[in-house]
Amino acid sequence: MFERRPLEVAPALLGWRLRSEIDGEAVEAVITETEAYEHAGDPASHAHHPVDGIRRSERNAAMFSAPGRLYVYRSYGIHWCANVVCWPEGEPGAVLLRAVDVLHGHDVVERRRPGRRSDRDRTGGPGRLCVALAIDGDHDGIDLLDPGSSIRLAAPAAPLPADRIVAGPRIGISTAAERPWRFGVRAHPTLSKPFR
DNA sequence: AGTCCGATTATCT
DNA sequence: GATAATCGGACTA
């Protein structure tokens, strides 16, 4: 599933379940929005380098790790963002998780993000999602496919039908902004931003 | 609903 | 030293 290009993994990940069990509190959610960050040739990727094509650094090291691992980075000095690593080990690439829909653990999410009035406000957006599931830099590099991990992925019973998936340009980047590499569940209330 | 702006810090083009 | 895969509050209307 994850040992292929992020561009294929990103739409396929919609409908998958993400479960975190941290500090004894479990939250399970369905992935509703993703973005692909590709290999060499994607200037918006953290692994991109204008001269070398790709370059490994301390921050992006997890992007080069085995498929199905977690890559977590800090955005704007404030927010954590969570990605699923793709490609075979050694090839950098990842899918940014941009929104989820909570299935179990609504009370835990309410405690972590009190007083939110909409699902979008609770778990729509990469930073919001990380707060709701208590994902932070300590979880960088963990294996999402290992049943012993505090954060795990699980496949849906049936894949999401293609006609329920929409695509559009990625959000918040300055280069290669026109590539339609953001994917979402059509008209879902948790979407961080509408597709048009 | 849409737009503008400040927060805050690891990373490095 | 500038930048950033964002968010939330304040404002307009």
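Each chain gets a letter, A, B and so on, in the order the sequences are listed, and its residues count up from 1. What you see is a predicted model; the values in this text were computed from it and never measured.
Within residues 174-196 of chain A, the residues having any heavy atom closer than 4.0 Å to DNA chain C are, in order of number, A/S174. Within residues 44-56 of chain A, the residues having any heavy atom closer than 4.0 Å to DNA chain C are, in order of number, A/A44, A/H46.
Nucleic acid contact class of A/R120 (heavy atoms, under 4.0 Å, all strands): none. When heavy atoms are screened at a 4.0 angstrom cut-off, A/R170 is found touching no nucleic acid atom at all. A/I173 comes within 4.0 angstrom of sugar-phosphate atoms only, judged by non-hydrogen atoms across all strands, and of no base.
The side-chain hydrogen bond (donor to acceptor under 3.5 Å, both in side chains) analysis of residues 131-154 of chain A, with sequence neighbours excluded, yields no pairs.
Judged by the 6.0 Å and 45° rule, A/R74 forms a cation-pi pair with A/W80.
Of the options A/L96, A/T34, A/V72, A/L97, a side chain to side chain contact (heavy atoms under 4.5 Å, CB included) to A/N83 is made by A/L96 and by none of the others. Each of A/T123, A/V109, A/D121 was evaluated against A/R128; a single residue qualifies, A/D121, per the side chain to side chain contact (heavy atoms under 4.5 Å, CB included) test.
Annotation: side chain of A/F2 is in contact with side chain of A/L145 (closest heavy-atom distance under 4.5 Å).
Distances shown here put a side-chain N or O of A/R98 below 4.0 Å from the OP1 or OP2 atom of C/dT6.
Take the nearest nucleotide of DNA chain C for A/R128 and for A/V95: the residue whose nucleotide is more 5' is A/V95.
Under the 4.5 angstrom side-chain criterion for Ile, Leu, Val, Met, Phe, Trp and Tyr, the cluster partners of A/L191 are A/V166, A/F195.
Counting to the nearest Å, the C1' atom of C/dC7 and the CG atom of A/L96 are 14 Å from each other. Whole-Å rounding puts the A/D138 CG to B/dA10 P distance at 14 Å. Atom P of nucleotide C/dA5 and atom OH of A/Y73 are separated by 6 Å, given to the nearest angstrom.
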Dot-bracket for DNA chain B, please. Rules: Watson-Crick or G-U, both distances under 3.5 Å, ( ) within the strand, [ ] when a pair crosses earlier ones, | for another strand, . otherwise. |||||||.||||.
Show the distances under 3.5 angstrom between N or O atoms of the protein and N or O atoms of nucleotides 5-8 of chain B.
| unit_1 | atom_1 | unit_2 | atom_2 | d |
| --- | --- | --- | --- | --- |
| B/dT8 | O2 | A/Y76 | O | 2.4 |

